[in-house]
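Reviewing the structure listed below.
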Amino acid sequence: MPNVKISGNSAIAFDGTAPTLLTALEQHKLQVNFHCRQGYCGACRCKLLQGEVQYLNEPLAFVRKGEFLPCCSIPLTDIEIEIP
Amino acid sequence: MAYTTFNRQINDQLKEPMFFGNPVNISRYDQQKYGIFEKLIEKQLSFFWRPEEVDVSKDRIDYQNLPEHEKHIFISNLKYQTLLDSVQGRSPNVAFLPIVSLPELETWIETWAFSETIHSRSYTHIVRNISAEPHKVFDDIMLNEKILQRAEDVTRYYDALIDGVNLYQRCGEGNHTINGESQNISLYELKRRLYLCVMSVNVLEAIRFYVSFACSFAFAERELMEGNAKIIRLIARDEALHLTGTQHMLNIMAAGDDDPQMAQIAKECEEEAYAIFRKAAEQEKDWAEFLFKDGSMIGLNKDILCQYVEYITNSRMQAIGLKPIFSTTQNPIPWINTWLVSDNVQVAPQEAEISSYLVGQIDNEVDGGDFGDFDL
């Protein structure tokens, strides 16, 4: 069960009850911007400070190094992220 | 270099830059420099929809019952969107196709502009339904001061690029005297105009549309003008994709691997890029003031809409590597996200190659109970 640490917040566990990281964050009442939830608009873009994520669908939106889209990904390892 | 519809020069398309290389000869997609553009094309095609699929007949009754100041909000937004999509339905083709050098990007531009023409047709569909005199609505667009003011900034960068490219393709680089007027044309200057043009298109699709979207969805949150909201939802979905397209172009340009000169230009134009964003945000705030001049609507007023403009401007700037210019960090209208989710697209597992298609677009039966869990 990978741990998701959020900068300035306590960590949450990705226990498999949420299909994506975005849903997991929302279940813990963490506000992340979103629009399409399919990886093509990039509205949910967050910073990936540590660890690795796996994309369920390859995102179409432009994703810079050190960023990731929580709407279409799950954590592979323990990760640390920053929500803008 | 003159434009030709079928460039005879045998070239390696993988070595061409996005723009200002050789004109495209064979539209081939077996090899691609930037595969992302084909993915965008496929996504856009999977989004295909027709305005006639959406029944807007109930909107007519809703519209007639709206108070005057809300009618003004609704119809003014529709007029402004009509202008924006009139420009977007033609300009990417006219401005970018004569200078594009990659087949996948060329086809993306065509696919992109085509989807904008669907948006234009959908506005007529909406206006025909709510008004017995649709011509009055459209005739007014060309006379409306507030709309024309913004049209100037929307079209300026396109026109400058098109004008320069025309001259370049006819006469090449150098000093030319055309009709007694002396003009200097350099490829570097044209690339600068191109960069600023893509930037201003990005702003158009990323910020300008969203003020209208917010109003349309605010009506629909009150179960008013729902046919219109369904259409706007489809338009918003397309626009999110177009926005991704221009963001990719800007980021590829700024990275410099494609054309080192473009990276230099991106650096030089940073100040101007900030100015384009700032001006667009200011204009949209002015527009919010005009919309609400006779009164607010439930759930939305001038201040909230202005905060939303600031919020969305910040987020769009960060997407292309610029720093946010406003202090707003929270979305003042979080309910808008629900309207922007593409949950009406379903993937059919029985298809050999999974492709997305639309469902539920023609379902007009909305029971009051369906909104039981909605809060205003």
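All chains are named by letter (A, B, ...) in the order of the sequence lines, taking the proteins before the strands, and each is independently numbered beginning at 1.
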(message) Can you tell me how far apart CG (B/L243) and CZ (A/F62) are? Round to the nearest 0.5 Å.
(response) 13.0 Å
(request) Under 4.5 Å, counting heavy-atom pairs only, tell me which of B/T244, B/L340, B/N337 racks up the most with chain A. (result) B/N337
(request) For chain B, find its close neighbours in residues 70-84 of chain A: heavy-atom separation under 4.5 Å, sorted by number, or none. (result) none
(request) Could you grab the distance from atom CG of A/L60 to atom CD of B/E42, nearest 0.5 Å is fine? (result) 9.5 Å
(message) Please give me the minimum heavy-atom distance between B/S315 and A/N33, naming the atom from each residue.
(response) OG-ND2, 4.4 Å
(request) Name the region of A/Q31, side chain, backbone, both or neither, that has any atom closer than 4.5 Å to a heavy atom of chain B. (result) side chain
(message) To the nearest 0.5 Å, what is the distance between CD on B/E239 and NE2 on A/H35?
(response) 13.0 Å
(request) Taking all non-hydrogen atoms of both residues into account, name the closest pair between A/R64 and B/I320 and its distance. (result) NH2-C, 3.2 Å
(request) Taking heavy atoms only and a threshold strictly under 4.5 Å, list by residue number the residues of residues 39-48 of chain A that touch chain B; give 'none' if the list is empty. (result) A/Y40, A/C41, A/R45
